[in-house]
Enquirer: 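One structure is given below, represented as structure tokens, and several questions about it will come after.
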Amino acid sequence: MLQLFHSELELLVQSGFIYVPLLFDPDIAREIQHRSDPEGLPDDLASGGSKTVVELRGRQFIRSVNIQSVLANYQRIDKEYYDQLKRDYLQKSSNFSGLSSILPSGKLQTIILKIMPYFVRKSRVLERRQLSDEDLLDLVYSKLDIPQSFFERVDKVLDSKPLLRRLNDLDKLEQTIEMPPEGPVTGEALGQWLYKALESQIVNRERCRLDQELREREETSESKRNHIATLLYIAEKGSFELDGFGFSRIGSRDDYLIYKRTGEYILKDYYARSYRFPDCRVAVSSIGALRPLVVESYKHPFLIGHAPGQEICISGYNWPQEFTADNIIRLLEEGINALLYGYDARRRNGYHSLDPTLYYVKTIEFVDYRVQRDDRPVASV
Amino acid sequence: MDLAQNLRSDRARQKRKQPHGRKVFNTVSCIVREYKLGEDFLKLIDNTDGYFSQRRMDLRQVKGKKVLELPPFSLVSQDEYRIAMAITGKLDNPYLQFAHSPEEMLLSARLYEANPSLTSQDLLRHDFGTLLLCQRAKEELADLVKGLGKII
């Protein structure tokens with residue numbers, strides 16, 4: 001169909017449809033002959049009352065596509081060309097970056113708005129309901145001391161003046177889409193009309209988008225302003241911790257180490273003697289394989305040595321491949337559960353045993369963690 | 001064979017897939033489109049004798065059959081359709097559907113006149129000009145043999 005608009009074919013525009021020259025074979029010729037007979041088949045009409053086949057100066061034309069429909073759906077018909085046209089045309093006037101362009105996206109958005117609400121609670125009271133985005137951002141905002149420069153940046157983006165200026169610029173451009181005149185037309189001429197109509201359509205759509213943006217900005221409350229400043233601050237800083245849950249950026253790209261603190265906890269050995277383990281951060285990195293690991297230099301029966309960044313030994317687990325909020329939450333929970341509840345004193349599972357056995361290989365010792373009297377775990381997840 | 005059996009076999013035959021036959025319109029319309037034939041060619045059909053007298057055929061002109069890709073169905077513009085139908089009307093002969101070039105279309109009527117018993121295999125494999133030369137050679141050879149018989 002797109003070739004039609006670059007061809008030198010003689011086309012016909014009638015009743016909002018593009019008519020193309022009818023191609024013939026003996027059967028089609030016979031049918032056309034029947035139609036032209038006064039007693040022959042009546043011509044079936046489309047919903048708009050347009051004929052299927054029309055004759056112009058002895059030439060037969062057949063109805064093809066609706067012009068309005070081509071125009072309305074051109075973005076889907078030839079996305080590449082439409083996007084190119086949009087880019088070229090909108091670049092002619094001043095460039096405008098919306099609110100969405102400054103807000104964090106991708107992994108950081110997933111961490112803040114989807115993973116963090118699972119681990120962070122507003123109060124220590126048992127509450128079933130997870131925090132909403134607004135509640136969470138309010139909570140985060142209250143914990144941060146955001147510099148004034150971030151509020152200034154938000155105000156600059158939320159300022160409606162450039163938006164209004166842009167709308168004025170667009171008002172000066174061609175807006176109305178006039179249908180091509182009815183009658184014969186070449187494919188090339190129709191293509192030129194389509195190009196102009198697409199430009200007008202792009203302008204109209206951009207204007208609608210800006211109107212919507214303007215309305216949203218007018219409705220932006222003080223709390224929304226604070227939320228945006230909070231997100232901007234976290235995105236710039238790259239790390240944040242609240243209630244033992246946190247994350248920190250790895251390098252300069254959109255990759256993060258997401259962690260949850262275990263707090264102090266107690267494990268018992270074969271003889272029911274208690275060992276107090278210090279707090280550590282169980283983390284999952286968004287870069288590389290998705291596996292729970294301990295950030296600090298740490299020793300545990302499920303860690304092979306006493307070094308930072310060791311993977312926790314969890315066998316028979318189907319490791320996820322994709323970075324999603326559910327997968328990260330599950331991995332963090334699995335890692336913490338393994339450290340706190342995975343060790344079986346009777347089986348002495350893991351790389352090491354808490355109590356020195358008769359035949360044990362002296363690698364990692366936990367004697368320094370042993371406590372004289374039983375204590376309850378200090379922190380629990 | 002009783003009536004029921006006859007009906008059954010008839011229906012079975014009708015249901016069977018039939019090979020797509022070669023149609024004269026397909027062939028002619030494809031040649032018209034390929035060689036952009038127009039009114040001049042129609043005039044040439046009316047004056048075939050003059051055309052072939054100018055181009056005396058001899059053995060040096062023996063050539064292979066031209067290749068022509070024929071689609072199963074052919075649709076052409078209104079003008080091409082008119083030309084194709086006019087050619088089919090003027091050169092109405094069973095060999096026309098095996099032509100692969102305008103020249104073969106012109107020769108088809110003469111070839112059919114000269115030998116109407118050529119098989120479709122021969123017509124598809126050999127150029128019509130070559131077949132016509134072959135036919136003439138055969139006739140001349142037969143005359144020579146006849147003349148030689150009289151002398152001896």
Side-chain angles (χ1 to χ4, degrees), chain A residues 1-15 17-38 40-44 46 50-66 182-191, chain B residues 14 17-43 45 68-102 104-105 108-109 112 120:
Chain A
M1 188 201 69
L2 296 174
Q3 289 172 355
L4 213 63
F5 298 110
H6 305 291
S7 70
E8 287 177 0
L9 264 182
E10 193 189 4
L11 306 169
L12 181 68
V13 175
Q14 195 170 303
S15 314
F17 282 90
I18 300 171
Y19 282 76
V20 293
L22 179 65
L23 295 177
F24 281 77
D25 73 356
D27 292 335
I28 294 171
R30 213 171 299 125
E31 201 177 316
I32 294 298
Q33 186 64 37
H34 277 299
R35 276 173 190 273
S36 58
D37 283 350
L41 291 165
D43 195 352
D44 55 326
S50 59
K51 283 184 171 180
T52 311
V53 178
V54 294
E55 194 183 334
L56 181 77
R57 296 197 291 261
R59 290 168 64 85
Q60 303 285 345
F61 290 84
I62 188 159
R63 191 178 61 219
S64 62
V65 285
N66 185 297
E182 298 223 335
V185 62
T186 63
E188 231 168 7
L190 201 61
Chain B
Q14 280 166 11
K17 280 184 183 172
Q18 299 292 324
H20 187 73
R22 214 179 160 88
K23 286 182 181 166
V24 184
F25 175 76
N26 259 16
T27 311
V28 175
S29 62
C30 279
I31 295 170
V32 167
R33 199 173 44 204
E34 182 82 21
Y35 291 89
K36 297 185 173 58
L37 301 183
E39 295 289 341
D40 297 349
F41 189 74
L42 294 179
K43 282 177 196 160
I45 293 174
L68 180 72
E69 292 286 336
L70 284 177
F73 304 100
S74 175
L75 288 171
V76 286
S77 70
Q78 204 165 344
D79 294 337
E80 287 168 341
Y81 176 77
R82 195 176 49 76
I83 301 285
M85 291 311 279
I87 293 170
T88 315
K90 285 187 176 187
L91 297 169
D92 186 21
N93 70 80
Y95 289 175
L96 185 58
Q97 60 184 306
F98 299 101
H100 279 185
S101 65
E104 279 197 317
M105 285 202 298
S108 64
Y112 183 67
S120 57

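A quick note: this is a predicted structure, and the numbers were derived from the prediction, not measured. Below, read A as the first sequence line, B as the second, and so on, with proteins coming before strands; counting in each chain starts at 1. Hydrogens, waters and symmetry mates are skipped; everything else that's a heavy atom, side chains included, is used.
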Enquirer: Taking only residues two or more places apart in sequence or in another chain, which ones pass ring pair (Phe, Tyr, Trp, His ring centres under 6.0 Å) with B/Phe73?
Expert: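 B/Phe73: ring pair (Phe, Tyr, Trp, His ring centres under 6.0 Å) contacts with B/His20.
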Enquirer: Check each atom of A/Pro26 against the heavy atoms of chain B and say whether the ones under 4.5 Å are side chain, backbone, both or neither.
Expert: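 A/Pro26 touches chain B through backbone and side-chain heavy atoms alike.
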Enquirer: Around A/Glu55, counting heavy atoms of other residues, nucleotides and ligands shown, do more than 12 lie under 6.0 Å from its CD?
Expert: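 Above 12, so yes.
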Enquirer: Show the nearest heavy-atom pair for residues A/Asp25 and B/Tyr81, with the distance to one decimal.
Expert: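 Nearest pair, atom of A/Asp25 first, then B/Tyr81: C-CE1, 3.6 Å.
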Enquirer: Listed by chain and number, what are the side-chain contact (heavy atoms from CB on, under 4.5 Å) partners of B/Gln78, not counting sequence neighbours?
Expert: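 If we apply the side-chain contact (heavy atoms from CB on, under 4.5 Å) test to B/Gln78, skipping adjacent residues, the hits are A/Phe24, A/Arg59, A/Gln60.
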Enquirer: Where does B/Ser74 contact chain A at under 4.5 Å (heavy atoms): side chain, backbone, both or neither?
Expert: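 B/Ser74 touches chain A through backbone heavy atoms alone.
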Enquirer: For the NZ atom on B/Lys90, are there more than 12 heavy atoms of other groups (residues, nucleotides or ligands in this structure) within a distance under 6.0 Å?
Expert: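 Result for NZ/B/Lys90: enclosed.
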Enquirer: So what's closer than 4.5 Å to chain A heavy atoms on B/Asn26: side chain, backbone, both or neither?
Expert: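 For B/Asn26, there is no contact with chain A at all, as no heavy atom is under 4.5 Å.
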